There are 2 protein chains.
Amino acid sequence: MNPVRRGQWQMASDVLTQLTRQPGITRAAVARTLRLSTGSATEVTARLRDVHLVTEVPAPSQGRGRPTTLLRAHPEGPVVLALDLRQSNWRSAIVTLDGSLQDPEYRRHRSRRPQVVLNNLRRQVEQARQQYGDRLRMVSLAVPGTIRDNHLMQAPTLEWAELDLETITEGTGLPLLAGNDATLSGVAEARTGAAAGAGTALHLIIEVGIGGTLLIDGVPAQGASGAGGEYGHVPFGDRSRACPCGARGCWDLEIDGRALARHLKQGRPDDPYAYTEEVLRRTDRSARAAVTKVVSALGSGIAGLVNAHDPDVITIGGLAIPLRAAAERTFKEAYEGGLMTFHRGSPPPVLPATLPDGPLRGAAALALDQLTTEPAIAAWVAQR
Amino acid sequence: MNPVRRGQWQMASDVLTQLTRQPGITRAAVARTLRLSTGSATEVTARLRDVHLVTEVPAPSQGRGRPTTLLRAHPEGPVVLALDLRQSNWRSAIVTLDGSLQDPEYRRHRSRRPQVVLNNLRRQVEQARQQYGDRLRMVSLAVPGTIRDNHLMQAPTLEWAELDLETITEGTGLPLLAGNDATLSGVAEARTGAAAGAGTALHLIIEVGIGGTLLIDGVPAQGASGAGGEYGHVPFGDRSRACPCGARGCWDLEIDGRALARHLKQGRPDDPYAYTEEVLRRTDRSARAAVTKVVSALGSGIAGLVNAHDPDVITIGGLAIPLRAAAERTFKEAYEGGLMTFHRGSPPPVLPATLPDGPLRGAAALALDQLTTEPAIAAWVAQR
DNA sequence: AGTTTATGCTCGTGGGACGAGTTTAATGGG
DNA sequence: CCCATTAAACTCGTCCCACGAGCATAAACT
């Protein structure tokens with residue numbers, strides 16, 4: 001193990017980071033954004049080519065001048081296995097350094113028992129290992145639940161108890177990166193979605209309860225143990241209502257299907273997600289009134305988070321999109337009414353999230369962040 | 001203006017960063033933490049000495065072996081003027097690269113009119129300019145109010161309206177870095193205070209209302225325009241109560257002297273800070289009950305923020321310290337009761353802030369962050 | 001076909017990190 | 001008191017890489 005010379009792969013790392021953040025970028029564009037001289041660009045791409053990290057394909061000409069090339073992941077280059085575990089199914093894809101998804105898979109759960117599901121994921125890891133060998137560098141997993149140091153702490157939608165997720169890579173020596181699905185979809189939105197380019201972005205998604213994350217320059221604020229982003233469990237409403245999370249009066253209890261059912265004087269729905277969709281389809285007065293209450297709670301809660309974090313933009317996903325759409329005026333009033341006065345001149349926009357496969361792409365993005373660091377590149381080169 | 005060669009001052013920048021973060025660090029210790037070979041350490045310190053950025057003084061010997069040297073700011077090196085504006089006074093100090101404060105000043109306001117106060121600050125800037133000439137590189141200012149792009153948006157304690165703070169450096173060409181005092185004291189705590197070393201830290205301070213900041217690796221999450229950290233203006237309690245900020249039901253209204261007065265059925269106190277101290281001195285039943293209510297709101301609000309951000313540690317300052325102390329049991333119950341179940345095993349500690357001159361030190365720290373960047377070093381070298 | 005334009009390639013230069021070998025300045029044991 | 005031990009500083013040859021000037025190339029205009 002020869003020690004890595006400092007800065008040896010610094011520029012290479014910068015180039016690869018550009019490539020993951022803007023797939024399909026041209027070599028000339030990379031050189032411009034990194035302020036590289038053409039000579040340096042030639043050298044760094046040659047080096048990256050030599051170690052099987054990138055290839056170049058002719059770019060369609062863009063006017064006068066010698067045409068440049070598109071940078072692409074090398075066909076023999078490193079890859080990541082991205083997994084997205086959902087309530088009723090799971091998906092996977094192999095992701096290359098240019099951020100493209102290959103070999104996408106989609107499977108419905110036959111059984112939803114933790115051990116069965118984890119075994120299926122583990123098999124997927126092993127299959128990727130078989131197929132890609134040493135090219136497979138990392139496994140990244142999105143889970144609909146609270147994650148702490150690669151352990152699942154609670155997962156209301158899956159109805160799973162605490163669980164060690166590292167079993168899916170155990171024995172393979174592959175690093176695992178498990179993350180909350182809402183956090184990861186936020187990463188995707190902040191990098192290539194509706195919040196692209198935002199310095200500070202806030203992402204919120206309603207499915208059962210609300211999840212989300214604060215993103216600073218595309219990096220999620222995950223907290224000490226990775227459990228950050230549980231915005232649903234801030235005290236907001238009636239303290240006499242206990243939340244399954246253990247606290248009382250959580251915002252969570254005011255903005256999803258459970259809240260709608262309560263307003264409609266019905267019991268806790270089995271599937272709050274489907275229940276919400278159902279109520280949204282109704283046109284009767286009591287349903288509209290219930291929706292209005294929920295949308296109001298959503299708007300004023302978001303306003304509070306804007307006061308707290310001053311984001312450039314907020315992206316909303318899941319049921320938050322149809323909920324807002326069902327009562328746009330209520331939302332606007334609650335949102336703007338909850339802002340501190342000085343924010344009202346130009347309130348940060350609340351945009352619908354645009355990426356359907358956000359968690360998978362976000363998981364891939366965080367894994368690629370690791371692969372494009374200098375030490376990871378040095379390790380890749382050393383191993384070949 | 002010759003273009004800066006990439007990486008020319010990379011290592012120098014790293015060394016200076018170490019120096020600002022751990023004043024009084026030895027050269028050998030820097031080399032160890034940056035994993036520098038002794039040869040490189042010799043070279044980089046020689047370079048820094050040549051350009052008047054550091055000097056070395058013999059370090060007290062620490063056992064066997066050749067003694068190392070302490071790194072110190074160079075007597076001809078760059079400095080920052082740090083200013084801390086408070087309700088009844090202001091303070092200033094000159095800060096060098098090793099983080100030491102020189103020429104401390106303390107002045108009470110004669111008049112509290114904005115123009116008078118800003119003029120005094122401006123005079124202080126001019127005086128520093130006179131005294132230090134080109135060595136003065138930057139002015140950093142802590143203000144008890146919401147700051148946005150160097151503009152004061154609102155300042156309840158000062159009772160000032162919106163105001164452009166850049167007048168204090170106008171014409172000097174000096175960059176100004178204005179920030180909220182609570183945010184800046186958080187920076188100080190996260191770097192050298194009670195939260196030193198924390199990856200994610202939350203800092204909260206009660207004076208009139210509550211201010212604070214989320215810190216990730218010592219860097220405050222300031223948001224899009226620098227107005228982040230207004231945790232007091234998240235909806236928390238009774239929505240029928242309007243907050244001066246423009247929103248309703250803010251947490252702010254539940255945790256300071258105004259809340260105590262309300263519980264005690266008295267009118268809004270002129271000076272909520274002094275009023276709180278007064279109530280804390282009382283031992284009668286109604287006062288105790290009012291304090292209990294406020295402490296409970298403080299504890300459960302902090303718990304919500306812990307759920308949202310998963311910090312390693314929370315630091316509290318200002319009146320939050322005596323308030324908690326007055327009802328420790330209530331605080332603990334409200335805090336732990338508001339946490340999500342999985343946090344309760346080892347709840348993040350809530351520690352009293354330790355630095356009395358936090359805002360000044362925090363302002364200095366953020367300014368030094370700028371001075372120790374590669375471009376700033378290159379500019380310093382080019383100018384000499 | 002020649003001009004313009006943007007880009008890629010070659011190569012000499014220089015700076016800086018590295019590390020092996022050497023020197024220096026302290027402690028501590030005999 | 002001297003010498004072994006220890007930790008750190010210094011010297012210097014080496015290598016790597018970014019830079020930029022000059023040249024080559026491939027397209028689009030004229």
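So that the names make sense, note that chain A is the first sequence line, chain B the second, and so on, each numbered from 1. Treat the numbers as computed from the prediction; the structure is a model and nothing was measured.
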Q.
I'd like to know if B:Q8 reaches the base of D:dC19 with its side chain such that a donor and an acceptor end up less than 3.5 angstrom apart.
A. no

Q | Separation of atom CG in A:L34 from atom C1' in D:dC19, rounded to whole Å | A | 15 Å

Q: Choose from C:dT24, C:dA26, C:dT7 the nucleotide whose nearest atom is closest to any side-chain atom of B:R66.
A: C:dT24

Q. Between D:dA18, C:dA17, D:dA8, which nucleotide has the shortest distance from any of its atoms to the side chain of B:T68?
A. D:dA8

Q: Kindly indicate whether the side chain of A:T38 and the base of C:dC9 share any N or O donor-acceptor pair separated by less than 3.5 Å?
A: yes

Q) With no hydrogens and no angle check, do the side chains of A:T183 and A:Q222 hold a donor and an acceptor under 3.5 Å apart? A) no

Q.
Under 4.0 Å from OP1 or OP2 of C:dA25: is there any side-chain N or O of B:S61 that close?
A. no

(Q) Taking the minimum atom-to-atom distance to the side chain of B:S37, which one of C:dG19, C:dC11, C:dG8 wins? (A) C:dG19

Q) Is A:D98 reaching over with its side chain to a backbone N or O of A:R72, donor-acceptor style, under 3.5 angstrom? A) no

Q: When you get a sec, tell me which of D:dA26, C:dG8, C:dT7 is the closest nucleotide to the side chain of A:P67?
A: D:dA26

Q.
Counting distance alone, no hydrogens or angles: does the base of D:dC16 have a donor or acceptor under 3.5 Å from a partner atom on the side chain of A:E43?
A. no

(Q) The side chain of B:R27 is closest to which nucleotide in this list: C:dC9, C:dC18, D:dC10? (A) D:dC10

Q: Kindly say whether, by distance alone, the side chain of B:R64 makes a donor-acceptor pair under 3.5 Å with the base of C:dT27?
A: yes

**Q.** Side-chain donor or acceptor of A:T96 paired with backbone N/O of A:A73 under 3.5 Å
**A.** no

Q.
What I want to find out is whether A:R191 reaches A:D369 closely enough, with some N-O distance under 4.0 Å, to be called a salt bridge.
A. yes

